[in-house]
Amino acid sequence: MKLKYFSHSSFQITTNAGRVILIDPFLDGNPTSPVKSDEINADFIVLTHGHGDHLGDSFKIAKKKDAMFICVNELANYCISKGFKAHNMHIGGAYNFEFGRVKFTIAHHGSLTPDNQYTGEASGVLLSIDGKILYHTGDTGLFYDMKLIGEMNKVDYMLLPIGDNFTMGIDDAVKAVELTNPGLAIPMHYNTFPVIEADPNEFKEKVEKIGKACRIMAFGEEIEL
Ligand code: NI
Ligand code: MN
């Protein structure tokens with residue numbers, strides 16, 4: 001499986017079978033993304049919540065290949081109301097898709113869409129694909145249940161925000177890594193805008209200081225998992 005980071009909270013997973021799954025694709029309005037929406041396709045789009053910097057260019061991309069949205073019920077219904085396919089789920093629930101298993105977790109955050117629709121609870125997501133477990137926390141503050149998530153899932157890769165202001169900042173994110181105990185922490189949701197400027201190297205040093213591994217992905221970088 002391959003993981004590509006577009007910057008902000010936007011990732012692309014390409015499974016060993018060639019399925020493409022996007023998470024929170026925010027590209028065209030994202031000053032740090034080296035890739036724009038007309039350059040990519042998706043089979044599935046996983047959304048953590050309805051904020052504009054996560055819903056992003058989802059509809060433009062979904063239109064191209066009739067991609068299916070996977071998200072919590074209210075946000076899924078919002079996508080359906082815009083004419084798209086969606087699989088409605090909710091926090092705590094898991095489902096086996098053809099590419100792997102998806103389970104939604106809590107996230108402490110909001111979920112208002114750019115056109116002012118409230119689309120349920122914000123979420124994080126656990127993805128079990130090709131024998132690996134990825135935990136994309138979505139936008140969230142620190143919460144102690146991350147310990148439970150880590151105890152019940154051997155998280156290989158934890159993708160978590162460090163930009164502060166709207167989400168965890170660096171020190172809370174380090175605590176989140178300690179609680180969840182992933183194989184590798186990957187910082188996200190930083191340096192997109194001045195208000196969320198953060199130094200990923202400071203995060204990496206602090207994560208390593210607690211004996212955990214961290215990888216800073218360059219914007220546009222793709223790695224083999
Ligand atoms: Ni948000
Ligand atoms: Mn956000």
Side-chain angles (χ1 to χ4, degrees), residues 3-13 21-37 42 45-62 69-79 82 86 89-91 104-127 134-143 145-146 149 157-173 176-177 185-200 203 216-217 219-220:
L3 178 71
K4 185 167 186 171
Y5 184 40
F6 296 122
S7 75
H8 206 59
S9 298
S10 306
F11 290 87
Q12 172 183 279
I13 292 165
I21 301 133
L22 297 178
I23 309 171
D24 290 355
F26 172 51
L27 309 169
D28 296 349
N30 173 354
T32 53
S33 175
V35 175
K36 296 302 166 200
S37 65
I45 300 176
V46 175
L47 296 177
T48 62
H49 62 293
H51 284 161
D53 58 320
H54 296 260
L55 187 60
D57 307 295
S58 293
F59 293 154
K60 270 189 259 179
I61 297 164
F69 284 91
I70 303 172
C71 44
V72 300
N73 181 60
E74 294 83 356
L75 184 53
N77 284 341
Y78 174 77
C79 296
K82 301 289 183 185
M89 296 183 68
H90 228 302
I91 291 163
F104 283 95
T105 71
I106 60 168
H108 293 308
H109 198 67
S111 189
L112 191 73
T113 65
D115 57 354
N116 291 315
Q117 303 293 308
Y118 222 85
T119 46
E121 301 295 317
S123 62
V125 65
L126 286 161
L127 299 160
L134 280 86
Y135 174 29
H136 185 297
T137 67
D139 280 2
T140 186
L142 178 63
F143 56 90
D145 284 3
M146 286 178 175
I149 292 169
Y157 304 95
M158 182 178 192
L159 319 176
L160 76 170
I162 64 164
D164 224 333
N165 194 76
F166 300 111
T167 66
M168 295 185 280
I170 288 174
D171 291 334
D172 283 7
V177 171
I186 297 173
M188 65 177 186
H189 212 273
Y190 66 92
N191 291 354
T192 323
F193 310 110
V195 75
I196 57 169
E197 267 170 22
D199 179 5
F203 173 70
I216 300 165
M217 289 185 72
F219 300 163

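For ligands, and for the atoms within them, numbers begin at 1 and follow the listed sequence.
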Are the side chain of T137 and the backbone N or O of G124 linked by a donor-acceptor pair below 3.5 Å?
no

Using modelled atom types and a 3.5 Å cut-off, is there a donor and acceptor pairing between side-chain atoms of S33 and backbone atoms of N30?
no

Atom of H54 nearest the Mn ion (ligand 2) (restricted to N/O/S, atom name only):
NE2

If you check every N/O/S atom of H189, which is the one nearest the Mn ion (ligand 2)?
NE2

With 2.8 Å as the limit, count the protein N, O or S atoms near the Ni ion (ligand 1).
4

I want to check something: taking the side chain as every heavy atom from C-beta on, are I162 and P200 in contact at a cut-off of under 4.5 Å?
yes

May I ask you to decide if the ring planes of F193 and F26 are parallel, tilted or perpendicular, using 30° and 60° as cut-offs?
tilted

Under 2.8 Å from the Mn ion (ligand 2), is there an N/O/S atom belonging to D53?
yes

Just wondering, are more than 12 heavy atoms of other shown residues or ligands nearer than 6.0 Å to CD in Q12?
yes

Contacts of type side chain to side chain contact (heavy atoms under 4.5 Å, CB included), residue A76, not counting sequence neighbours:
C71, A86, N88

All side chain to side chain contact (heavy atoms under 4.5 Å, CB included) counterparts of D115, not counting sequence neighbours
Y78, K82, T113, Q117

Which residues share a side chain to side chain donor-acceptor pair (under 3.5 Å) with H51, sequence neighbours left out
H49, H109

Of the backbone and side-chain N, O or S atoms of H8, does one lie nearer to the Mn ion (ligand 2) than 2.8 Å?
no

Kindly give the atom name of the N, O or S atom of D139 closest to the Mn ion (ligand 2).
OD2

